[in-house]
Structure formats: structure tokens, C-alpha cells
Amino acid sequence: MDLAVIILAAGMGSRMKSDMPKVLHHVAGAPMLIHAMRTAQNAFAKKIVVVTGYGAEAVKKSAASYDDTALFAHQATQEGTAHAVQQAASDLQDFDGDVIVLYGDTPFVQPETLQAMLDKKRDGHGVVVLGFHAADPARYGRLITTAGGQLEAIIEYKDATDAQRDIDFCNSGVICADARLLFSILDDVQNDNASSEYYLTDIVGLARARGLTCAAIACDETETMGINSRTDLATAEVAFQTKARRDAMENGATLIAAETVWLAYDTIIGRDVIIEPNVVFGPDVTIENNATIRAFSHLEGCHVSKDAIVGPYARLRPGAELANGAKVGNFVEIKAAQIGEGAKVNHLSYIGDADIGSQANIGAGTITCNYDGVFKHKTEIGARAFIGSNTMLVAPVRVGADAMTGSGSIITKDVPDEALGLGRAKQENRIGLALRMMNKLRAAKAALKKG
Ligand code: UD1
Ligand code: MG
């Protein structure tokens with residue numbers, strides 16, 4: 001059966017004290033909303049509907065940039081979680097399948113957990129709810145289950161008796177139901193409760209009143225961690241990093257000082273990769289087997305192939321692609337550039353919008369002058385080329401295979417294969433002039449002191 005996922009993202013998140021909608025705050029290198037969307041995608045959702053409210057335009061923009069097939073519904077006034085889900089009804093009126101509701105501020109629910117809910121529903125239940133055993137149940141809704149494991153009701157904290165508040169099995173907010181059943185039951189939800197809100201949680205009681213059974217499954221509490229404040233955001237980040245570092249190590253990478261390495265939600269790290277202390281990974285980075293990322297490097301949107309060495313103090317920006325055995329050394333920035341197999345850019349360089357051939361050697365201080373103030377231009381360096389230190393490559397420009405440039409050259413014209421390109425003033429030596437100039441200056445200083 002097809003799956004649609006509705007993501008509730010209408011809340012302002014006043015406790016964030018932010019001008020930005022809560023769900024757009026980043027955790028693990030992406031807005032929390034994108035984590036929920038990714039979970040939906042990885043659970044093979046056919047449709048994703050994001051329910052917007054506060055900051056709808058910004059939320060839509062962020063969601064659409066991640067998935068341009070995402071649908072949107074708007075909740076103009078926040079009248080509760082059931083009311084929010086109802087807003088998605090028109091987007092899903094022709095949809096015949098399962099629906100799962102996620103919260104945009106609960107980023108770590110795993111696709112496997114959604115699959116487990118769908119599997120549970122196949123046992124014939126009307127509604128399946130995702131619960132967790134809370135270390136501190138606080139103000140979560142409580143799941144009331146029978147001895148046989150069926151779910152009888154969800155009682156909101158505000159409406160719960162003391163005995164019900166003693167239950168530690170809590171509602172994560174994630175629910176699963178058949179689409180047609182869900183929207184039909186939602187029409188029956190009332191707001192006669194302590195908050196005068198339309199509670200999504202009421203659908204359990206209403207489904208049972210229609211003679212259906214409901215069930216709850218449990219997941220780890222870390223998956224259902226909701227984010228309401230900056231402190232929660234930091235706590236969530238730590239939880240994510242702890243798990244991501246452990247996963248990387250379990251997959252065969254060495255993290256010398258694991259607690260100083262920052263990973264993103266989609267970082268891919270191969271076997272026998274060594275990551276030295278204080279390395280930061282932004283989104284969309286792949287490190288292949290046997291590569292080494294040395295201390296204090298910053299990487300995002302890049303691909304590092306086998307046996308490559310990066311850093312210390314290197315910056316790989318989006319579009320940096322290092323082939324096998326390439327070396328990028330200290331204080332080097334690479335952007336939108338391919339560094340060929342075994343090529344070296346070892347010191348103090350900027351390589352942007354460039355294609356560097358295999359085994360080429362880029363001397364210290366080389367800059368690709370890629371930007372003329374309006375357009376970006378490309379630099380091509382052939383295989384085995386040797387670029388002298390402090391060469392300015394004024395793009396568009398091409399240095400051929402096995403060619404060289406003289407140190408300090410400003411290269412504005414293509415250099416043919418096997419040629420030496422020299423673009424610098426010819427040196428002249430004036431014999432004795434240094435000493436004569438110095439003597440003159442010293443005499444001037446002595447005259448000043450006297451007078
Ligand atoms: C809800 C659940 C509670 C559960 C808890 C888990 C209900 C009635 N209660 O309570 O059982 O233990 O989540 O965190 O569902 N939202 C909207 N529009 C609205 C109201 C809410 O989009 O009108 C969104 C919020 O932005 C948030 C999510 O829905 O992302 C949950 O709403 P929230 O007000 O935090 O619900 P809780 O009271 O925490
Ligand atoms: Mg909440």
C-alpha cells in the first residue's frame with residue numbers, strides 16, 4: 001500500500017526566541033524539518049504534505065528546495081494537532097493508502113520505525129501510535145494499553161488522573177492510520193478538553209468506538225526527542241553527534257578524538273579512514289576508504305576518494321572532488337574543482353572552478369583568479385603539469401599537460417602542452433645599489449636625531 005506522510009510544522013516555537021520558524025533551525029547540518037522529510041522519503045512515502053503556519057513562506061521554501069514534489073497545506077490558526085492534520089485533507093483527497101503523521105520538530109525518528117508501524121498496522125489495527133518509555137514522562141500524553149497490548153486511549157497530561165500520570169509509556173506524536181479512515185475520524189474530533197484544542201490523540205478512542213482496534217509500538221526515547229528551545233537543540237545535536245561518531249567508528253573509521261569531530265546527517269565515511277581531531281563535516285560529504293582527514297579541516301559538499309590526504313587546516317567547499325591519492329594540504333581552499341589522481345595542492349592555495357589533471361603539482365600560494373566581479377571562469381591544468389609557487393592563473397585559462405609555469409607568474413594566456421609559461425618581470429641586478437641606498441637612509445636618520 002502507498003504511504004503519505006504529513007509533517008506538522010505550523011508552530012511558531014516561541015521558546016526558541018527566534019524570528020525564524022522553529023522547524024528551520026539546524027541540527028546535524030540541516031533544518032529539523034528536512035530530517036523529518038528525509039525520514040519520510042527513506043520510508044518510501046509517495047506523498048509528503050507539510051502543514052505550515054507561522055513563517056509559512058520560509059518553511060515552504062526550505063522544504064521545496066529539499067524536495068520539489070512536497071505538497072503544502074496551511075493552518076491559519078493553531079487549533080490543535082487534529083486540526084493541523086485536517087488541513088492536509090484536500091491534498092490527499094484522492095490518496096488511497098496509509099498516512100503517517102510526523103512532527104517537524106522531532107527530527108530523529110528513523111525510517112525503520114515507520115516501517116515497524118506500518119507492519120503493525122497490517123495486523124489489522126485501525127490506528128498505530130509510536131510510543132516510548134520516558135525517563136521523565138513530564139507533560140507527554142500517556143498511552144493507556146490493555147494487558148493484551150492493545151492501545152485503549154491517549155490521555156493528555158492536562159487531562160490525566162494521578163494514576164494515569166504514573167504511566168511512563170508516552171505518546172511520541174507519530175501516528176499511522178488508513179488515509180480515508182483518518183480523515184473521516186478527524187471530522188468527529190471535538191475540542192472539549194483542558195486546552196480547548198482539537199487533539200489528534202482523540203482518534204484512538206474514536207476508532208475504537210467504531211469497533212476498530214488500535215496498537216502502540218515503542219521506540220528508543222532518543223528517536224522521539226522533540227526540540228522546543230535552544231537548549232533542546234544543543235542536547236539534540238550532542239545526541240546526534242554521539243550516535244554518528246559511534247556509527248562511523250563501528251563502520252571502520254578511526255576518529256582519534258571522536259568528541260571533537262562534527263558530522264552531518266548525511267556524512268558518508270568509508271573503512272580505514274582516519275579523522276584527526278577537530279574536523280567539521282557540513283552536509284553532503286563522502287570520504288572513501290583509506291583517506292585521511294587531518295586536524296582542523298572543514299569539509300562540505302565534497303567527495304574525497306581513496307587514499308587521498310586532506311589537511312591539516314584545509315577547506316573543501318561544495319563541488320570539491322579529490323580523485324584517488326590526491327593531496328590537499330594546509331591552508332588550501334578548494335571549490336567546484338576536480339583534483340586529479342595523485343595531484344598535489346599542498347600549501348596556501350585557492351583552487352576554484354578548476355580541473356587539475358592527474359599527478360599535477362600546484363606550487364605554494366597558487367591562486368585561480370576565477371571571478372571577474374560578475375562571472376566565474378574556469379582554469380584547466382593538464383596531467384603532470386608543474387605550477388610554480390605563487391602563480392596567478394587568470395581564468396579562463398588552460399595550462400597543458402606536462403607544462404610548467406614560472407614561480408610568481410601571472411598567467412593570462414593558455415600555456416601549450418610541455419611549454420614553460422613565464423609571466424613576470426625580468427630580473428635586473430644593480431651592483432652595489434643596496435648598500436648605497438642603506439647608507440643614505442642611515443645618514444638621513446642620524447641627521448634627524450642631531451637636529
Ligand atoms: C503532543 C501530543 C502528546 C505528545 C506530544 C509529544 C496531542 C494533542 N498531544 O502534545 O500526546 O505526548 O505531542 O511531543 O497531539 N502543531 C501544529 N498545529 C497545531 C498544534 C500543533 O502544527 O495547531 C504542531 C506543533 O508545531 C508541533 C506538533 O504539532 O510540532 C505538536 O504540537 P504541540 O503543541 O507541541 O503538542 P504537545 O502539547 O507537545
Ligand atoms: Mg510539544
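Just so you know, ligand 1 is whichever comes first in the structure, and atom 1 is the first atom listed for that ligand. Since the structure is predicted, the reported quantities are computational estimates derived from the model, not experimental observations.
With hydrogens and angles left out, the side-chain atoms of Asp168 and His133 include a donor and acceptor closer than 3.5 Å. Of the N and O atoms on the side chains of Gln41 and Tyr66, at least one donor lies less than 3.5 Å from an acceptor on the other residue.
For atom 9 (N) of ligand 1, the nearest non-hydrogen atom of the protein is Glu156 OE1, 2.9 Å. Of the protein's non-hydrogen atoms, Gln75 OE1, 2.6 Å is the one closest to atom 18 (N) of ligand 1. Annotation: atom 22 (O) of ligand 1 to nearest protein heavy atom, Ala10 CB, 3.1 Å. Looking at atom 27 (C) of ligand 1, its nearest protein heavy atom turns out to be Asp105 OD2, 3.8 Å. In this structure, atom 24 (C) of ligand 1 lies nearest to the protein heavy atom Leu8 CB, 3.9 Å. In terms of protein heavy-atom proximity, atom 21 (C) of ligand 1 is closest to Thr81 CG2, 3.8 Å. Of all protein heavy atoms, the one lying nearest to atom 6 (C) of ligand 1 is Asn171 O, 3.4 Å.
Judged by distance alone, the side chain of Thr145 and the main-chain N or O of Gly149 form no donor-acceptor pair under 3.5 Å.
Among the candidates Ile367, Val399, Thr368, the single residue satisfying the side chain to side chain contact (heavy atoms under 4.5 Å, CB included) test with Thr379 is Thr368.
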Quiz item: Yes or no on side-chain contact (heavy atoms from CB on, under 4.5 Å) for Ile100 and Val174, after CA distance, side-chain angles and deciding distance?
Solution: CA-CA 7 Å; Ile100 289 181; Val174 180; 3.9 Å; yes
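Distances shorter than 4.0 angstrom do not occur between any heavy atom of Gly53 and any atom of ligand 1. Contact between Cys170 and ligand 1 is absent, with no heavy atom of the residue lying under 4.0 Å from the ligand. For Thr201, the closest heavy-atom approach to ligand 1 falls below 4.0 Å. Heavy atoms of His83 stay at 4.0 angstrom or farther from ligand 1.
Inter-residue side-chain proximity for Leu316 and Leu322 is flagged as met; some heavy-atom pair is nearer than 4.5 Å.
Once rounded to the nearest 0.5 Å, the distance linking NZ of Lys344 with CD1 of Ile387 reads 14.5 Å.
Distances from atom 34 (O) of ligand 1 to the protein include no heavy-atom value under 4.0 Å. Atom 29 (O) of ligand 1 is flagged as protein-proximal [any protein heavy atom, distance under 4.0 Å]. For atom 37 (P) of ligand 1, no protein heavy-atom neighbour is found at a distance under 4.0 Å.
Against a heavy-atom cut-off of under 4.0 Å, Gly141 is close to the following atoms of ligand 1: 3 (C), 4 (C), 11 (O), 12 (O). Interface of Ser172 with ligand 1, defined as ligand atoms under 4.0 Å from a residue heavy atom, comprises 6 (C). Distances below 4.0 Å separate heavy atoms of Ala84 from the following atoms of ligand 1: 17 (C), 18 (N), 22 (O).
Residues Phe132 and Tyr140 place their aromatic rings such that the two centres sit under 6.0 Å apart.
Polar contact check, Gly80 against ligand 1: a nitrogen or oxygen pair lies under 3.5 Å apart.
Between Phe240 and His35, the ring planes lie perpendicular to each other; the angle is over 60°, past the 30° to 60° tilted range.
Relative to atom 13 (O) of ligand 1, the option among Tyr199, Tyr103, Tyr198 with the closest non-hydrogen atom is Tyr103.
Here Asp353 pairs with Lys335 in a salt bridge; the nearest charged N to carboxylate O distance falls below 4.0 Å. For the pair Arg180 and Asp98, the salt-bridge criterion is not met [side-chain N within less than 4.0 Å of a carboxylate O].
Residue Asn228 comes nearest to Asp105 through the heavy atom pair OD1-OD2, 3.9 Å, listed as atom of the first residue, atom of the second, then distance.
Under 4.0 angstrom from ligand 1, there are no non-hydrogen atoms of Ala82.
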